[in-house]
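Structure first, commentary second.
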Amino acid sequence: MAIHNSDIAEQFDEIADLLEIQGANAFRVRAYRTGARTLRDLPHAVAAMVDNGEDLTELPGIGEDLAAKIREVVVTGELSQLGELEREVPPGLVEVLGIAGLGPKRVQALHRQLGVDNLDDLRTAAEAGQIRTLSGFGAKTEANIRHELATRGSGEKRTRLRQAEEVAEPLAHSLRGVDGVETVTIAGSYRRRKETVGDLDILVTCRADSPVIERFVNHEDVRHVVSKGETRSTVVLRNSLQVDLRVVASAARGAALHYFTGSKAHNIHIRRLGQERGLKINEYGVFQGTERVAGATEAEVYARVGLPEIPPELREDRGEIAAAQAGTLPDLITTDAIRGNLHTHTTASDGHASPRQMAEAAREQGWDYLAISDHSKAVRVANGLDAERLAAQIDEIDALDAELKDITVLKACEVDILEDGRLDLPDAVLARLDLTLGAIHSHMSLAREKQTARVLKAMDNPNVSILAHPTGRKIGTREPCALDMERVIAHAAETGCVLEVNAQPDRLDLNDLHCRMARDAGVRLAIGTDAHAKHHFAFMRDGVDQARRGWVTPADVINTLPLGELRRTLAR
DNA sequence: GCCGTTTTCGGCCCGACTGTTTTCAGTCG
């Protein structure tokens with residue numbers, strides 16, 4: 001069985017958890033977590049590197065030891081160290097470690113002194129009032145543990161960026177109205193435009209006497225105040241989203257914004273660069289000795305370590321710092337560069353507006369062209385078009401296009417890729433279209449080899465201009481189908497088939513890493529809203545954000561092209 | 001456990017808040 005990078009990463013993370021509970025050296029624990037992250041970020045299978053005899057220690061954060069462990073997993077399918085650790089440490093303690101407020105030291109104390117092996121034991125001990133008797137614990141700690149146990153959801157939950165935005169923007173807006181507040185910025189993974197956020201990080205600059213923290217913890221959406229100090233506070237909102245507020249003086253805004261935007265890995269890397277130059281970097285500024293030498297803007301902070309400002313979307317420590325040093329940071333795509341939308345639906349299938357309404361709305365967006373791409377007949381629930389209905393729609397769109405000024409309506413179809421890789425409509429009718437999007441909507445759970453072969457075969461059909469939402473994932477609800485994306489991307493590079501970055505907020509498919517892989521392979525992308533209604537055109541921004549996280553430039557995206565060039569590109 | 005333009009040993013980003021203890025350890029981001 002093929003070993004995926006994520007399989008090994010999970011084992012490294014579990015080792016890190018168990019070592020932490022054992023009280024191992026914190027830097028050793030960190031090394032396993034760094035190794036896990038390296039594997040998750042890797043754009044190709046580490047198993048293939050092992051098979052080819054490549055040197056794994058070339059990978060960042062992978063030394064001789066972890067390289068040997070990766071080889072062990074790839075060759076034997078198992079990691080003996082993990083098995084040994086699981087015999088030494090009750091695995092149930094990993095969940096106990098997940099309780100907020102409990103770290104390795106306390107988990108160890110609970111285990112040794114009260115025999116706590118899992119969450120059930122913890123609950124029993126808390127209810128019996130035993131925890132408060134331990135040294136270093138008290139009544140409040142015990143009450144907090146009981147509260148955590150009572151309110152704990154099912155594991156770690158992340159919120160889709162769009163959903164977070166619905167809460168975050170009004171909250172930020174209300175803070176802007178507080179007396180003495182100068183700026184309010186939502187930082188963290190939200191600012192990096194990550195597809196999901198674990199919590200919200202809000203940075204405020206204000207006068208020293210501003211009551212902003214008081215107003216924050218008393219906001220109507222706040223359910224629970226976790227902590228509240230002079231310069232920071234953490235709350236949980238009624239919708240269970242955690243929000244961290246940080247207050248600094250405006251002279252430190254840049255340094256604080258950098259610190260609070262992250263990612264953690266990026267920050268650590270930047271601070272290390274500072275150290276090498278004899279500088280200390282924290283959220284208050286860049287310091288040479290006790291003198292603050294920068295901090296008002298992020299650009300200043302970067303300049304002090306010899307770098308141009310790095311866009312937030314790239315701050316993941318995935319090579320952006322080396323690129324900044326080399327002067328090769330990508331000129332990231334923006335929504336302004338988008339000239340049209342190549343994936344939309346109408347009432348002919350499962351959309352909510354007519355082609356004319358969609359086209360007029362697209363014109364209002366300032367776009368030059370819009371492709372009407374309804375489903376094909378295999379998607380019965382969406383009232384997909386058969387060849388006859390599509391032929392009629394082609395005539396209808398020709399007439400509409402002739403009539404409308406300042407917008408070109410393109411004839412398209414989101415044609416189903418059948419289980420065997422053939423298309424749902426005959427080539428003869430597809431040949432009449434300006435473009436065809438091939439997509440999978442059924443048989444999502446085929447085995448990897450079969451699924452990959454199916455998609456590659458569809459890409460071989462020259463009528464398929466774009467492979468739409470390639471992996472079929474829905475964030476938080478449906479896993480991507482088993483697809484060898486390395487081969488799909490390589491095939492796209494060979495055939496000239498374009499890959500879609502589907503901009504629906506719950507799809508964002510390709511994801512950021514796939515965007516980066518495609519870009520690096522010279523594959524062209526299309527950012528499509530998959531709009532089923534006019535207001536879905538707003539999703540274009542979500543798709544652009546995802547593409548930016550994938551280092552994508554305007555030149556990588558076909559719907560930045562003027563119409564004439566677009567047509568030439570689509571003719572495979 | 002990783003890593004190296006002060007290196008193969010001795011470092012490893014840096015600070016806020018809480019609770020318990022009375023000067024600070026533990027946890028978190």
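Letters go in sequence order (proteins before strands), and every chain restarts at 1.
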From [atom1] of [X] over to [atom2] of [N], roughly how many Å is that when rounded to an integer?
X	N	atom1	atom2	result
Glu276(A)	dC13(B)	CD	P	11 Å
Arg246(A)	dC17(B)	CZ	P	7 Å
Asp317(A)	dC13(B)	CG	C1'	13 Å
Asp13(A)	dG1(B)	CG	P	16 Å
Asp201(A)	dG15(B)	CG	P	19 Å

Please determine whether a side-chain nitrogen or oxygen atom of [X] lies at a distance below 4.0 Å from atom OP1 or OP2 of [N].
X	N	result
Arg28(A)	dG1(B)	yes
Asn282(A)	dG15(B)	yes
Tyr284(A)	dA16(B)	yes
Gln242(A)	dG29(B)	yes
Gln108(A)	dG26(B)	no
Asn144(A)	dG19(B)	yes
Lys264(A)	dC14(B)	no

Determine the sole option in Lys194(A), Arg193(A), Arg192(A) for which the side chain to side chain donor-acceptor pair (under 3.5 Å) test with Asp545(A) is passed. Arg193(A)
How far does the [atom1] atom of [N] sit from the matching atom of [M], given to the nearest Å?
N	M	atom1	result
dC2(B)	dT6(B)	P	23 Å
dC13(B)	dC17(B)	P	22 Å
dC9(B)	dC14(B)	P	25 Å

Nearest of dC14(B), dG1(B), dT18(B) to any side-chain atom of Asp65(A)? dG1(B)
For Ala139(A), which contact category applies under a 4.0 Å heavy-atom criterion: base, sugar-phosphate, or nothing? sugar-phosphate
If you assign each of Phe137(A) and Arg30(A) to its closest nucleotide in DNA chain B, which residue comes earlier from the 5' end?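 The answer here is Arg30(A).
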For DNA chain B, whose closest nucleotide is more 5', that of Glu142(A) or that of Gly61(A)?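 Nearest-nucleotide comparison on DNA chain B picks Gly61(A).
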Could you walk me through whether Asp179(A) and Arg207(A) pass the salt bridge (charged side-chain N to carboxylate O under 4.0 Å, His left out) check? CA-CA 9 Å; Asp179(A) 192 38; Arg207(A) 282 201 321 261; 3.4 Å; yes
For the residue pair Arg304(A) and Tyr302(A), would you count it as a cation-pi contact if the rule is NZ or CZ under 6.0 angstrom from the ring centre and within 45 degrees of the ring axis? no
Over-ring placement of Arg292(A) relative to Tyr284(A), 6.0 Å and 45° cut-offs: no
Tell which nucleotide pairs with dG1(B), taking only Watson-Crick or G-U wobble pairs whose two distances are both under 3.5 angstrom.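 Its partner is dC12(B).
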Should Glu220(A) and Arg238(A) be marked as a salt bridge (charged side-chain N to carboxylate O under 4.0 Å, His left out) after you check the CA-CA gap, both sets of side-chain angles, and the distance that decides it? CA-CA 9 Å; Glu220(A) 58 178 2; Arg238(A) 287 183 302 183; 5.6 Å; no
